[in-house]
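Have a look at the structure below before the remarks.
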There are 2 protein chains.
Amino acid sequence: MSNIKALPLLEPEVAEGVVPCCPPLTERPLTAEEAERTAAMFKALGDPVRLRLFSLVASHEGGEACVCDISDVGVSQPTVSHHLKKLKEAGLLTSERRGTWVYYRVEPSVVAAMGQMLKIAG
Amino acid sequence: MSNIKALPLLEPEVAEGVVPCCPPLTERPLTAEEAERTAAMFKALGDPVRLRLFSLVASHEGGEACVCDISDVGVSQPTVSHHLKKLKEAGLLTSERRGTWVYYRVEPSVVAAMGQMLKIAG
DNA sequence: TGTCTATGTTGACGCTCATCGATACAGGTG
DNA sequence: CACCTGTATCGATGAGCGTCAACATAGACA
């Protein structure tokens, strides 16, 4: 967990088996398998609370945020924890415990891969 | 017709200078309202069947596709129609009837706005 | 007019998910 | 050790969603 990737499209084993994968959506139709994997990433950002949590982490200084810094999104603490777990499972966030607190940070390669897919052809 | 106009989607007229609803997610935290509006777009791509349908339209020659061209995604015809409607409601696709067939095409500005949000801060 | 094809809508069913309170776990402090 | 704070997990519940069969609608053509 110590090497930073440039912007690879194919990366062996990020997070837990989540691999950013696919060409721009305008290039060719996705296969069923590709769609299954990729939809999970978009789905992770498809909830308002999760999207806010993600932007709170992404925009926090130092590129990381303690849970205590971002918990004020209008839902209970267990729900915040639940959503952070979902974002982690989707490969969008990573977490690390330092003492009492747990810090989350964005996984740049996965986010970059998603952005790549939304690139308009032409 | 559903009249729940709580969150109006993007107008089809935004074609020129890519009027993004929101800044890159790394720039600042989203407000609750921004998150609500934006999550709906990501949610639309958060289903494997919808993502395939979208990529089928996006990668089809001429930038548009008749429903008959993209219906082979492993679900029934009503389900295809249902998902295309969802994508349309999210502002990602537009449709037009020409004679017997209905053609769908990608709304580039909305897709571009989504890509904008996923830009990694440099 | 009637019929055929293409697409959208309706209603129902089962499953997933967001949410919460209660509880468990981890680490710091006294 | 006990106690407190920060975070994760568990179990339940209600809402939402994907799917289908059946039906409806729109246009083309005879």
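Everything numeric in this text was worked out from a predicted model, so none of it was measured. Here is how names work: the chains are called A, B, and so on, in the same order as the sequence lines, proteins then strands, and each is numbered from 1.
Note: CZ (A/Arg98) to C1' (D/dT7) measures 15 Å, nearest angstrom. At whole-Å resolution of the value, CH2 in B/Trp101 and C1' in C/dG8 are 17 Å apart. Protein atom NE2 of A/His82 is 13 Å distant from nucleotide atom P of D/dA8, rounded to whole Å. One interatomic measurement links the two molecules: NZ of A/Lys88 to C1' of D/dT9, which rounds to 13 Å at whole-angstrom precision. At whole-Å resolution of the value, NZ in A/Lys86 and P in C/dC17 are 5 Å apart. As a whole-Å value, the separation of B/Glu36 CD from D/dG16 C1' is 14 Å. Spacing between atom CG of A/Leu84 and atom P of C/dT19 amounts to 12 Å, rounded to whole angstrom units. Atoms CG (B/Asp69) and P (C/dA6) sit 11 Å apart, rounded to a whole Å.
A distance of 12.0 Å separates SG in B/Cys66 from CD in B/Glu96, rounded to the nearest 0.5 Å. Taken to the nearest 0.5 Å, the CG atom of A/Leu118 stands 11.0 Å off from the CE atom of B/Met117.
Under 4.0 angstrom from either OP1 or OP2 of D/dA8 there lies no side-chain N or O belonging to A/Lys85. Regarding contacts with the backbone of D/dG27, every side-chain N or O of B/Thr100 stays at 4.0 angstrom or more from both OP1 and OP2. In this structure, B/Thr79 reaches the D/dC20 phosphate: one of its side-chain N or O atoms is under 4.0 Å from OP1 or OP2. Put simply, A/Arg50 has a side-chain N or O that comes within less than 4.0 Å of OP1 or OP2 on C/dA18. Between A/Lys43 and C/dC17 there is a side-chain N or O to OP1 or OP2 distance below 4.0 Å.
Nearest nucleotide to the B/Asp47 side chain, out of D/dT7, D/dT19, C/dA18: D/dT19. Among C/dG8, C/dC20, C/dT19, the nucleotide with an atom closest to any side-chain atom of A/Ser76 is C/dC20. Checking D/dT9, C/dT9, D/dG27 against every side-chain atom of B/Arg97, the shortest atom distance belongs to D/dG27. The side chain of B/Pro78 lies closest to D/dA22 when the candidates are D/dG18, C/dC20, D/dA22. Checking C/dC20, D/dT7, D/dC20 against the side-chain heavy atoms of A/Val75 singles out C/dC20 as nearest.
Linking ILVMFWY residues whenever their side-chain heavy atoms come closer than 4.5 Å, directly or via other members, places A/Val73 and A/Leu87 in the same cluster.
Residue-level contact check: B/His83 touches the backbone only, with heavy atoms under 4.0 Å from sugar-phosphate atoms and none from bases. At a threshold of 4.0 angstrom between heavy atoms, the contacts of A/Val80 with the nucleic acid are absent. Within 4.0 Å of A/Tyr104, counting heavy atoms only, lie sugar-phosphate atoms of the nucleic acid but no base atom.
Contact of B/Gln77 with C/dG8 (side chain to base): a donor-acceptor pair of N or O atoms is detected under 3.5 Å.
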What side-chain donor-acceptor pairs closer than 3.5 Å can you find for residues 38-54 of chain B, not counting sequence neighbours?
residue	atom	partner	partner atom	Å
B/Thr38	OG1	B/Glu34	O	2.7
B/Asp47	OD2	B/Val49	N	2.9
B/Asp47	OD2	B/Arg50	N	3.1
B/Arg50	NE	B/Ala44	O	2.7
B/Arg50	NH1	B/His83	ND1	3.2
B/Arg50	NH2	B/Lys43	O	3.4
B/Arg52	NE	A/Leu30	O	3.4

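For the helix from C/dT1-D/dA30 to C/dG30-D/dC1, the rotation axes defined at the first and last 5 base pairs enclose an angle of 20°, given to the nearest 10°.
Judged by distance alone, with hydrogens and angles left aside, the side-chain atoms of A/Thr79 form no donor-acceptor pair with the main-chain N or O of A/Val75 at under 3.5 Å. Counting only distance, with no hydrogens or angles, the side chain of B/Ser81 and the backbone of B/Gln77 share no donor-acceptor pair below 3.5 Å.
A side chain to side chain donor-acceptor pair (under 3.5 Å) with A/Ser95 is found for one member of A/Lys85, A/Arg105, A/Lys88 and no other, namely A/Lys88.
Shown here are the salt bridge (charged side-chain N to carboxylate O under 4.0 Å, His left out) partners of B/Arg97, two or more places apart in sequence or in another chain: there are none.
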